[in-house]
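Written out below as structure tokens is the structure these notes cover.
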Amino acid sequence: MTALLAIICVVLLAVIAVQVGKVTELAGKIRGEEEVQEQTNRMNGSIGMIFMIVFLVATVVSAFYYRNWMLGYGPHEAASEHGMSLDYLFNVTLFFTGIVFIITQILLFYFAWKYQGKKDRKALFMPHDNKLEIIWTIIPAIVMTFLVVGGLDVWNETMADVEPGEEVIEFEATGYQFAWALRYPGPDGKLGTRDYTKINGINALGQVWTDEKNMDDLMVDEIVLPKGKKVRVRIIARDVLHNFYLPHFRVKMDAVPGMPTYFVFTPTKTTEEYREELSKYPEYQAPDINEPEKMLWETFNYELACAELCGKGHFSMRRLVRVVEEDEYEVWLNGQKSFYLSSIRGTDEDPYKDELLDFEIKERKAAFNSAVNKARAAVEDSLRIIRLENVNFETGSSTLTPLSRYELDNVVDMLNQYSNMTIEVAGHTDNTGDAEANQALSESRAKIVYDYIVARDIATDRLNFAGYGQDRPVDTNDTDAGRASNRRTEFKILTQ
Amino acid sequence: MASNVAITAPQTQEDLLIEEFGYDDHFHDHHHGDKYQSNFVTTYIFSQDHKMIAKQFLITGMFWAIIGGLMSLVFRLQLGFPEESMAWLKPILGKWITVNEAGIGTLAPEFYYALVTMHGTIIVFFVLTAGLSGTFSNLLIPLQIGARDMASPLLNMFSYWFFFLAGVVMFASLFLNTGPFAGGWTAYPPLSALPQASSGSGAGMTLWTVSLVLFVVSVLLGGINYVTTVLNLRTKGMTMWRLPLTIWAFFVTAIIGILSFPVLASGFFLLMCDRGLGTSFFLSEIFIGGQALDHVGGSPVLYQHLFWFLGHPEVYIIILPAMGIVSEVLSVHARKPIFGYKAMVYSILAIAFLSFIVWAHHMFMSGVNPFISNFFVIFTLIIAVPSAVKVFNWIATLYGGNIRFNSANLFAIGFVSMFISGGLTGIFLGNSAIDIQLHDTYFVVAHFHIVMGIAAFFGMYAGVYHWFPKMFAGRFMNETLGKIHFWGTLIGAYAIFWPMHYLGMAGVPRRYYSFDIFDTFRHFGTMNKFITIAAIIVFALQMLMVINFFYSIWRGKKMTTQNPYGSSTLEWTTPINVGHGNWPGKIPTVQRWPYDYGKDGKEFVTQVTPLTEKEKAEGAH
Ligand code: HEM
Ligand SMILES: [Cu+2]
Ligand SMILES: [Cu+2]
């Protein structure tokens with residue numbers, strides 16, 4: 001029904017249009033073509049003048065109306081160092097092109113009106129004028145030269161990569177459908193290598209964990225930067241093209257799969273300072289519809305957007321950017337946890353699952369040494385027992401787990417350090433299963449440890465081993481936790 | 001048939017001049033009974049007559065313009081009125097509108113992007129390349145150089161039918177289950193290469209590419225024909241320096257097309273290999289859909305080089321014919337020679353040459369070596385110089401004229417206004433440092449719609465209104481409707497695209513389905529509504545033009561004289577009802593340049609009129 005009505009409306013309008021056209025054509029026949037043409041010329045020439053004036057006024061008025069949203073005006077000054085010169089260049093260009101725009105539009109419509117066709121007018125025969133033509137070739141050429149030189153100066157400075165050895169904060173942004181993954185290098189200041197074939201549900205970037213530089217890298221969900229420090233973003237994509245776009249910082253660069261790009265910039269205003277600036281403008285003194293109790297300037301945040309069509313979610317790739325004072329940045333940075341240690345270490349992803357990392361070895365050694373020192377200082381015999389927390393066996397067998405060797409090496413080191421020390425290695429089990437079997441298992445486990453140590457050039461007379469089965473529990477055997485602490489390998493210092 | 005008309009029509013002065021000085025090629029002896037157009041099919045469908053082929057290009061172009069325009073209205077509704085229900089579009093758009101329980105219909109983002117992509121592809125290639133250059137090169141080249149037809153009417157016919165086929169394939173892609181291609185008219189890989197990346201990148205992209213390859217064939221067949229015709233079939237006396245600027249423009253356009261379109265085709269070919277044969281020209285180290293692909297070593301940037309090596313010349317392929325038309329129309333109706341004819345030709349040549357070495361200005365932010373951009377900045381901004389020369393020359397052509405305001409001339413004046421406004425913003429974008437901020441924002445959208453979209457449409461309208469009587473048996477389009485069409489469109493087009501500059505300056509990116517997610521981009525709801533309303537009005541005005549067009553074909557005012565505008569070019573020496581072979585008797589020979597308006601007190605002198613004794617040739621006086 002509505003469709004029918006719509007169609008009828010359209011047809012009616014078409015009929016009216018045709019009738020209007022016909023009527024004026026008829027008038028032309030009655031009054032004579034020439035007469036009508038002259039009147040048409042007058043009318044359209046005048047409409048042209050009116051249009052020109054209204055149009056030029058509208059351009060100026062609308063520019064004034066939107067001034068507080070415009071590049072480099074009011075609150076929308078760039079928040080980065082290079083952005084300032086970019087804004088300046090924009091406005092210089094606006095100035096020159098603005099002049100040309102106004103003059104040429106005026107001349108175009110003014111001439112059209114001034115020289116509107118009249119019966120008694122004769123057109124000039126003016127096929128060319130070399131002088132004029134040379135002038136209006138040379139003037140644009142000069143202006144262009146000026147703009148090119150200014151532009152390239154800013155361009156080459158902006159796009160220059162950091163010098164080797166220059167102090168810079170580097171972070172990495174990876175675009176994927178449809179979000180950004182953000183990575184900071186951690187304390188070593190270096191981003192680890194990546195291999196796209198290693199990407200999976202946990203390892204979103206395909207970080208190569210055998211690369212030490214990866215181990216301290218941080219994955220964050222907002223960009224935080226200190227004010228006044230040079231920043232280099234390494235930009236890359238995982239699937240299709242994206243574009244790393246920070247409108248307030250005048251930063252934009254494609255993210256290309258397989259080809260890292262970069263952008264170097266220096267933030268000059270903290271988020272707080274920018275808000276402060278915005279608060280002075282009426283455009284931002286309105287309540288934010290998303291958070292009506294706050295003003296727009298209060299909810300303002302720098303943002304990261306995507307500026308290269310990447311599929312159906314292209315318009316939604318938002319991340320927050322926070323620029324803060326340097327000390328605040330340090331606090332934030334130190335509060336972040338390495339992605340490797342928090343999410344990868346010890347999982348099947350981890351190539352070092354069966355190894356300890358240097359710092360872990362150090363940590364364990366320190367813990368072991370302090371236990372040894374405590375035991376050596378103890379008076380009571382029963383306190384001279386040191387439990388080997390990190391020595392473990394495969395379930396039900398007497399095979400050492402791979403990580404046990406680090407603790408045993410600590411024992412060897414201790415024996416080497418205290419050359420008169422003798423010890424007894426003891427194995428214990430919980431009370432599940434057959435007591436005799438438990439006894440045998442505990443003994444064979446103690447023997448394995450004994451063998452390990454002896455194999456490292458420790459004289460056999462300095463240590464012996466014993467299996468105690470389930471006879472000497474240190475905890476209850478009624479709970480899982482209790483049983484776990486009863487299953488243990490330990491050694492007792494016999495002589496210092 | 002045709003010769004009958006000539007015999008019964010009163011002999012004009014031009015007819016007599018052609019009788020006297022013309023060149024007898026015995027055309028009508030050979031083509032007895034007009035074997036080329038003996039029945040309905042050979043006259044109207046598989047016609048080899050350049051004028052019929054021109055009309056076919058024009059009307060097919062209009063069909064696509066309407067489709068492309070309607071698409072833009074749908075996505076403008078999404079941008080201007082994101083909260084309004086689109087459920088009423090469900091009968092047309094089907095599953096791309098999802099309707100929730102409350103009956104509110106929303107446009108799916110995939111389909112938003114499909115619409116944007118189709119709109120761009122259709123308007124750029126089918127409307128402003130085929131519809132503009134195809135129409136007027138075909139119509140005017142033989143008529144204005146004094147030829148009976150194109151060098152190869154057969155290839156010319158194929159050129160149209162390849163375009164037609166391209167259209168059929170593209171149209172078919174709209175009905176695919178997975179939707180038409182949705183990765184933007186530039187079709188950057190990997191998005192366009194991987195069906196996993198977007199539903200339109202599957203069958204939709206295949207059809208898109210097939211369609212455009214067919215289109216490239218059409219452009220090449222047409223282009224080779226135009227170049228050959230201009231070089232070889234100029235009538236006696238028609239030296240290159242006596243060609244109207246229209247022909248110069250079509251000629252250079254065809255050359256640009258021949259040189260650049262094959263590069264696009266090769267880009268598509270490599271893309272197809274990447275899609276189907278597992279090669280890695282444009283793909284490297286991609287993880288998508290939970291899978292690491294085994295493509296390594298390719299570069300998506302390479303595709304961009306290939307694409308823009310066509311893409312930038314393409315924008316001049318679109319605008320040069322419009323410039324040619326505007327030069328001609330302005331001059332005829334200002335009753336003055338075009339100012340600086342030679343400068344105009346040289347700037348066309350300069351623009352054409354430069355258009356091949358500026359392509360990477362579309363790629364400043366693509367990750368190409370920033371050092372290389374230095375050259376592209378320089379060449380890009382140099383292009384502004386010949387462009388400026390052309391603008392100044394058009395304005396100077398109006399100066400001191402006796403200007404006839406009809407729809408054709410109004411559109412020509414409107415073209416100049418648009419070209420100024422849009423060309424100037426190119427100077428911002430061409431400066432790579434400024435482009436860092438403006439690239440892929442609405443500023444670019446404003447730039448190219450004004451300078452290319454609207455300006456080229458204006459050039460096309462100027463041509464349609466001006467040469468309509470030559471196409472449709474001596475009938476004019478209605479002037480009143482034409483003027484309403486012009487003023488409405490001029491105001492409306494600025495209303496649509498001018499505000500987009502402000503969006504761009506505020507940083508709003510193009511190709512966003514919704515702006516709500518970003519604090520930086522969400523403040524322009526009112527402006528977006530305004531733009532959408534303006535777009536709807538402007539579209540309606542174009543429908544007015546379509547009505548006028550078809551009404552006038554059958555009912556338009558009849559031309560009473562052979563040369564209604566007092567024009568000096570050859571097409572107006574043909575009979576009102578011009579038949580196959582264009583001139584009923586001899587071919588006219590040319591005695592002078594095409595712009596003798598107002599010379600020595602004479603209103604105009606046609607090109608077939610010999611110089612008088614003491615008269616200086618060409619523009620000299
Ligand atoms: C003064 C002369 C001109 C200069 C300096 C210029 C410069 C530019 C630049 C640098 C861009 C890239 C912007 C970006 O993506 O960041 C651009 C885009 C564009 N220009 Fe121009 N331009 C000029 C004239 C023209 C003309 C005459 C046309 C067409 C008739 C045109 C059509 C386009 C189109 C279609 C695009 C956008 C393509 C896209 O990304 O979809 N330009 N222009
Ligand atoms: Cu994107
Ligand atoms: Cu370009």
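Chain naming here is simple, since letters A, B, ... match the order of the sequence lines and numbering starts at 1 in each.
When the candidates A:A237, A:A160, A:P257, A:S85 are compared by the number of heavy-atom contacts under 4.5 Å with chain B, A:P257 comes out ahead. The most heavy-atom pairs under 4.5 Å with chain B, out of A:T261, A:T93, A:L13, come from A:T93. Heavy-atom pairs under 4.5 Å with chain A were tallied for B:V301, B:V116, B:L293; the largest tally goes to B:L293. Ranked by heavy-atom pairs shorter than 4.5 Å toward chain A, the options B:G367, B:A292, B:P337 are led by B:P337. Ranked by heavy-atom pairs shorter than 4.5 Å toward chain A, the options B:Y551, B:Y513, B:Y399, B:Y112 are led by B:Y399. Per-residue counts of heavy-atom pairs under 4.5 Å with chain B were compared for A:A58, A:G313, A:C306; the largest is that of A:C306. Most heavy-atom pairs under 4.5 Å with chain A, from the set B:T186, B:L490, B:I547, B:L194: that is B:L490. Top candidate by heavy-atom pairs under 4.5 Å with chain B, chosen from A:V148, A:V154, A:T104, is A:T104.
Side-chain contact check for B:L398 versus A:L108: some heavy-atom pair is nearer than 4.5 Å. In this structure the side chain of A:F125 never reaches within 4.5 angstrom of the side chain of B:Y597, judged on heavy atoms. Looking at heavy atoms from C-beta onward, A:W69 lies in side-chain contact with B:F524 at the 4.5 angstrom threshold. At a threshold of 4.5 Å between non-hydrogen side-chain atoms, the residues A:W136 and B:N393 count as touching. Proximity of A:M159 to B:I436: side-chain heavy atoms (C-beta onward) are separated by under 4.5 Å at one or more points. You'll find the side chain of A:H248 reaches within 4.5 Å of the side chain of B:T520, heavy atoms only. The shortest distance between side-chain heavy atoms of A:Y196 and B:S284 does not fall below 4.5 Å. Two residues are said to be in side-chain contact when any heavy atoms from C-beta on lie closer than 4.5 Å; A:D239 and B:F287 fail this criterion.
In this structure, B:N402 contributes its side chain and A:K118 its backbone to a donor-acceptor pair below 3.5 Å. A donor-acceptor pair is defined here as one N or O able to donate and one able to accept, closer than 3.5 Å; no such pair exists between the side chain of A:K122 and the backbone of B:G601. Of the possible donor and acceptor atoms, none in the side chain of B:Y188 sits under 3.5 Å from a partner among the backbone N and O of A:L241.
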Inset, instruction - Take B:D440 and A:N243 through the side chain to side chain donor-acceptor pair (under 3.5 Å) test and state the conclusion after the steps. - result: CA-CA 10 Å; B:D440 259 335; A:N243 183 302; 5.6 Å; no
Inset, instruction - Just do the side-chain contact (heavy atoms from CB on, under 4.5 Å) check on B:L191 and A:Q177 with the steps written out, would you? - result: CA-CA 10 Å; B:L191 184 60; A:Q177 289 179 327; 4.1 Å; yes
Inset, instruction - Start with the C-alpha gap between A:Y66 and B:M527, add the side-chain angles, then the distance that decides, and say whether side-chain contact (heavy atoms from CB on, under 4.5 Å) holds. - result: CA-CA 11 Å; A:Y66 282 109; B:M527 190 198 279; 3.2 Å; yes
Legend entry - Pair B:R522-A:N290, side-chain contact (heavy atoms from CB on, under 4.5 Å): steps then yes or no: CA-CA 11 Å; B:R522 69 182 154 97; A:N290 298 335; 3.6 Å; yes
Inset, instruction - Take B:L438 and A:F90 through the side-chain contact (heavy atoms from CB on, under 4.5 Å) test and state the conclusion after the steps. - result: CA-CA 10 Å; B:L438 296 180; A:F90 178 91; 3.9 Å; yes
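Residues B:W593 and A:P127 share a closest heavy-atom pair of CH2-CB, 3.9 Å. Residues B:G184 and A:L309 come closest through the heavy atom pair N-CD2, 3.5 Å. In plain terms, the two heavy atoms of B:I517 and A:S316 that are nearest each other are CD1-CB, 3.6 Å. Of all heavy-atom pairs spanning B:S366 and A:V256, the tightest one is O-CG2, 3.8 Å. In this structure, A:Y245 and B:G507 approach most closely via the heavy-atom pair OH-O, 2.7 Å. Scanning both residues, B:P109 and A:F315, for their nearest heavy atoms gives CB-CE2, 4.2 Å.
Side-chain atoms of B:S417 and A:Q105 include a donor-acceptor pair closer than 3.5 Å. Under the 3.5 Å distance criterion, with hydrogens and angles disregarded, no donor-acceptor pair is assigned to the side chains of B:N431 and A:W155. Side-chain contact check for B:E285 and A:T197: no donor-acceptor pair (N or O, by modelled atom type) lies under 3.5 Å.
Atom CG of residue A:L147 and atom CG of residue B:L381 lie 7.0 Å apart, to the nearest 0.5 angstrom. Rounding to the nearest 0.5 Å places CE of B:M365 at 5.5 Å from CE of A:M253. Atom CG of A:N41 sits about 8.5 Å away from atom CZ of B:R404, to the nearest 0.5 Å. With rounding to the nearest 0.5 angstrom, the CG atom of A:L124 is 11.0 Å from the CZ atom of B:F339. Atom-to-atom distance recorded for B:Q437:CD and A:R250:CZ is 4.5 Å, nearest 0.5 angstrom. With values rounded to the nearest 0.5 angstrom, A:E303 atom CD is found 6.5 Å from B:F521 atom CZ.
Ion pair B:D519/A:R318 flagged as a salt bridge, since at least one NZ, NE, NH1 or NH2 atom sits closer than 4.0 Å to an Asp/Glu carboxylate oxygen.
Annotation: B:Y512 is in aromatic contact with A:H314 [ring centroid separation under 6.0 Å]. B:W498 has its ring centre less than 6.0 Å from the ring centre of A:F101. Note: B:Y494 and A:F55 meet the aromatic proximity criterion, with ring centroids under 6.0 Å apart.
For B:I395, the parts sitting under 4.5 Å from any heavy atom of chain A are the backbone and the side chain alike.
The side-chain hydrogen bond (donor to acceptor under 3.5 Å, both in side chains) search around B:Y113 returns none, not counting sequence neighbours.
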